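In the text below, chain A, chain B and the rest are named by the order of the sequence lines, each starting its count at 1. Just so it is clear, the model here is predicted, and its values are computed rather than measured.
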Amino acid sequence: AQSVAQPEDQVNVAEGNPLTVKCTYSVSGNPYLFWYVQYPNRGLQFLLKYITGDNLVKGSYGFEAEFNKSQTSFHLKKPSALVSDSALYFCAVRDRGNYGGSQGNLIFGKGTKLSVKP
Amino acid sequence: DSGVTQTPKHLITATGQRVTLRCSPRSGDLSVYWYQQSLDQGLQFLIQYYNGEERAKGNILERFSAQQFPDLHSELNLSSLELGDSALYFCASSARTGPNTEAFFGQGTRLTVV
């Protein structure tokens, strides 16, 4: 079964410093990996995805993620954190079941709360 | 704005009652997913519909049911509500263009059972 793990419940970073939010995955076959962000009292917003190709994926708001097949990781990164980046971040993997041509559902990690202090 | 609309935004109801949550997917999206977000369980997949047919079931209780209508909007019905059903319920939609397609989420319906 597909799964993702986010080992850190919370990450604290000072504004201007680089940030990393960790994610490891377990899949059969090729992984389809996603990062979403959730601001307070809001829905999830798509940040970026890895499908194939370049291991460094660039996404919205200056975020990027590095896919590492040997370590089965897909860590989210940003070179310089902003206070406004403070939010809940979710890593997800697409389920690969046979759904008659439709997409399998997304399986989410438990989320990591990012706190960026001025 | 993701293009996915959920109503109502907030719902307060008593134990034992039944409620219906509504979702309008992005224009053209055939797949609709329902998720439950609670503090202790995180984001749990409930059920998926594709073009009106049920495609996948996750951790959905028997007291819960869903359907997708010909106009592609979906409803999640929660009955015999318990205090533990209090959560944020999200709907998401995606297009039928391959497994690499991201899902777009609505703002959610916050259900409080008292």
Side-chain angles (χ1 to χ4, degrees), chain A residues 1-6 9 23 27-54 57 59-60 63 65 67 74 87-113, chain B residues 1-7 9-10 23 25-26 29-60 66 68 72 88-110:
Chain A
Q2 324 284 76
S3 66
V4 292
Q6 294 180 244
D9 290 334
C23 171
V27 303
S28 55
N30 294 324
Y32 296 94
L33 298 161
F34 303 79
W35 275 102
Y36 283 81
V37 59
Q38 185 180 26
Y39 296 100
N41 301 314
R42 303 291 299 275
L44 278 73
Q45 295 179 34
F46 169 74
L47 277 179
L48 51 78
K49 64 184 177 185
Y50 173 81
I51 306 304
T52 187
D54 195 349
V57 180
S60 306
F63 283 93
F67 172 72
F74 188 55
L88 192 54
Y89 290 80
F90 290 94
C91 182
V93 62
R94 174 75 76 182
D95 194 13
R96 299 293 303 277
N98 181 5
Y99 298 112
S102 66
Q103 312 315 310
N105 59 283
L106 289 171
I107 300 167
F108 287 89
K110 290 195 171 182
T112 298
K113 184 178 178 181
Chain B
D1 182 8
S2 67
V4 179
T5 304
Q6 288 187 250
T7 56
K9 285 194 171 63
H10 302 276
C23 170
R26 291 190 321 156
D29 284 359
L30 300 179
S31 279
V32 168
Y33 313 81
W34 285 97
Y35 287 85
Q36 179 194 58
Q37 185 180 33
S38 58
L39 282 175
D40 54 343
Q41 293 292 323
L43 266 167
Q44 296 287 313
F45 167 66
L46 295 178
I47 196 164
Q48 177 197 2
Y49 278 82
Y50 174 72
N51 202 19
E53 294 187 9
E54 182 184 304
R55 279 288 188 238
K57 260 186 176 180
N59 301 319
I60 188 167
Q68 186 179 27
L72 300 177
L88 199 48
Y89 291 84
F90 285 110
C91 168
S93 72
S94 67
R96 181 186 181 276
T97 56
N100 57 345
T101 304
E102 58 270 30
F104 293 86
F105 282 75
Q107 298 284 303
T109 294
R110 183 170 294 282

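- There is no contact between A:Y50 and chain B, counting heavy-atom distances below 4.5 Å.
- Taking CD of B:Q68 as the reference point, atom CD of B:E54 lies at 11.5 Å (rounded to 0.5 Å).
- To the nearest 0.5 Å, the span separating CD1 on A:I107 from CD on A:Q2 amounts to 6.0 Å.
- Only the side chain of A:L88 comes within less than 4.5 Å of a heavy atom of chain B; its backbone N, CA, C and O stay farther away.
- Contacts between B:I47 and chain A at a heavy-atom distance below 4.5 Å are absent for every atom of the residue.
- Between A:Y89 and A:F63, the ring planes lie tilted relative to each other; the angle falls in the 30° to 60° range.
- Contacts of A:Q45 with chain B are absent, with no heavy-atom separation under 4.5 Å from either backbone or side chain.
- Proximity to chain A (any heavy atom under 4.5 Å) is restricted, for B:Q37, to the side chain, taken from C-beta onward.
- Note that NZ of A:K110 and CD of A:Q6 are 10.5 Å apart. Values are rounded to the nearest 0.5 Å.
- Your options are B:K9, B:R110, B:Q107, and the one with the most heavy-atom pairs under 4.5 Å with chain A is B:Q107.
- Taken to the nearest 0.5 Å, the CZ atom of A:R42 stands 9.5 Å off from the OG atom of B:S2.
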